[in-house]
Asks: 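Please see the structure below; I have some questions.
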Amino acid sequence: MDKKKIVFMGTPKFAVPVLEMLIEKYGVDLVITQPDKKVGRKKVLTAPPVKVIAEEKGIKVLQPEKISNDENVLAELKELNPDIIITAAYGQLVPESILEIPKYKCINVHGSLLPKLRGGAPIQYSILEDHGKTGITIMYMVKKLDAGDMISKVEVDILDSDNYESLHDKLSIAGRDLLKETLPNIFTGNIAPEKQDDSLATFARNILREDEKIDWNKSAREIFNQVRALDPTPGAFTYLDEDILKIWSSEVVELEENYSAEKVGTIIKQDKKHIYILCGENTVLKVKELQISGKKRMPVVNFLSNKKDYVGTILGGINE
């Protein structure tokens with residue numbers, strides 16, 4: 001196969017395996033990623049993971065603040081005249097002026113089984129909404145968000161043991177492998193793109209602060225899903241008195257007692273290693289790992305080392 005000129009657009013860790021595969025198998029002529037951002041309490045200016053890999057490999061990197069109106073990026077792409085542009089979790093909408101450039105068009109490696117979960121947080125929402133499976137869709141890019149014709153798909157099971165991080169990593173590898181399998185067929189024309197049924201589309205908007213707060217009126221299963229969908233970042237939280245309490249690891253359990261007379265959010269039981277919280281529908285969440293304001297995340301056994309009895313404490317408190 002003739003050497004192809006490839007431009008890759010991506011930003012976070014999710015995109016790294018895809019980029020590494022492309023570099024190894026085809027070579028990448030240009031990488032476009034988001035600008036460096038200040039990270040952590042000390043606000044250290046940090047390069048995106050994709051930029052780090054590209055620079056290690058000596059690949060030119062562009063970081064437009066807003067690609068839709070950056071004439072320099074457009075001019076550089078027109079001069080390069082790439083055969084294909086491949087995106088994976090880039091984080092900006094690519095304008096039509098760029099979509100029209102490549103011979104083999106622009107394709108995207110998206111972390112859901114389209115048309116379900118279009119948008120920026122498909123991995124989190126696949127857990128939040130308790131899907132039994134999710135996957136990767138490789139599609140042609142169009143002006144409308146994640147609405148292009150689908151080229152190939154692969155399914156990935158979601159286990160109860162999965163959190164955002166573990167599912168993210170599985171999908172990242174699945175995306176790499178699916179693209180590796182799909183690209184030769186794109187270049188030879190051995191594909192049959194499928195239009196999306198817009199009537200089946202659902203959307204996964206970026207996670208907001210309000211999505212992080214636990215509503216104890218929800219069932220234990222819903223809160224269990226929220227906890228793991230937001231682990232390891234940004235975390236599902238509630239309040240213990242005036243302190244923010246993040247819950248990092250939990251389990252839905254059945255207790256013989258009937259606690260329907262108690263207020264949801266009440267700690268109804270504790271043992272040496274766990275606390276048990278009453279949720280909506282008279283369901284119970286067993287908490288195994290948490291984090292109180294100013295402390296690191298810890299097993300509940302460490303949290304309970306103060307010997308305090310929390311039974312009867314109502315979480316949410318002053319902010320409900």
Asks: Look only at the side chain of Gln196 and the backbone of Gly148, and say whether a donor-acceptor pair between them is shorter than 3.5 Å.
Replies: yes
Asks: Under 4.5 Å between any side-chain heavy atoms of Val156 and Ile136, yes or no?
Replies: no
Asks: Test Asn302 against Ser305 for side-chain hydrogen bond (donor to acceptor under 3.5 Å, both in side chains), laying out the working first.
Replies: CA-CA 5 Å; Asn302 294 355; Ser305 62; over 6 Å; no
Asks: Should the pair Asp160-Arg221 be classified as a salt bridge under the 4.0 Å nitrogen-to-oxygen rule?
Replies: yes
Asks: Give a yes-or-no answer on whether the side chains of Ser172 and Asp169 include a donor-acceptor pair shorter than 3.5 Å.
Replies: no
Asks: Please say whether the positively charged group of Lys4, taken as NZ for Lys or CZ for Arg, lies over the ring of Phe187, i.e. under 6.0 angstrom from the six-membered ring centre and within 45 degrees of the axis.
Replies: yes
Asks: Between Arg297 and Asp231, does any NZ, NE, NH1 or NH2 come within less than 4.0 Å of an OD or OE carboxylate oxygen?
Replies: yes
Asks: Taking Ser112 for the side chain and Leu117 for the main chain, is one N or O donor matched with an acceptor at less than 3.5 Å?
Replies: yes
Asks: Side-chain heavy atoms under 4.5 Å apart, restricted to Ile/Leu/Val/Met/Phe/Trp/Tyr: what other residues fall into the cluster of Ile268, or is it alone?
Replies: Val253, Leu255, Tyr259, Tyr276, Leu278, Val284
Asks: Just one of Val16, Leu22, Val18 clears the side chain to side chain contact (heavy atoms under 4.5 Å, CB included) bar with Glu20, so which one?
Replies: Val16
Asks: For the residue pair Tyr310 and Phe303, does the interplanar ring angle fall in the parallel (under 30°), tilted (30 to 60°) or perpendicular (over 60°) class?
Replies: parallel
Asks: Checking Thr283 side chain against Ala220 main chain: does a donor-acceptor pair fall under 3.5 Å?
Replies: yes
Asks: Say whether, by atom type as modelled, one donor and one acceptor occur between the side chain of Gln34 and the main chain of Thr11 under 3.5 angstrom.
Replies: no
Asks: Check the pair Asp211 / Arg205 against salt bridge (Lys or Arg N to Asp or Glu O under 4.0 Å), numbers first and verdict last.
Replies: CA-CA 11 Å; Asp211 301 316; Arg205 60 170 170 74; 2.7 Å; yes
Asks: Say whether, by atom type as modelled, one donor and one acceptor occur between the side chain of Asp29 and the main chain of Ile6 under 3.5 angstrom.
Replies: yes
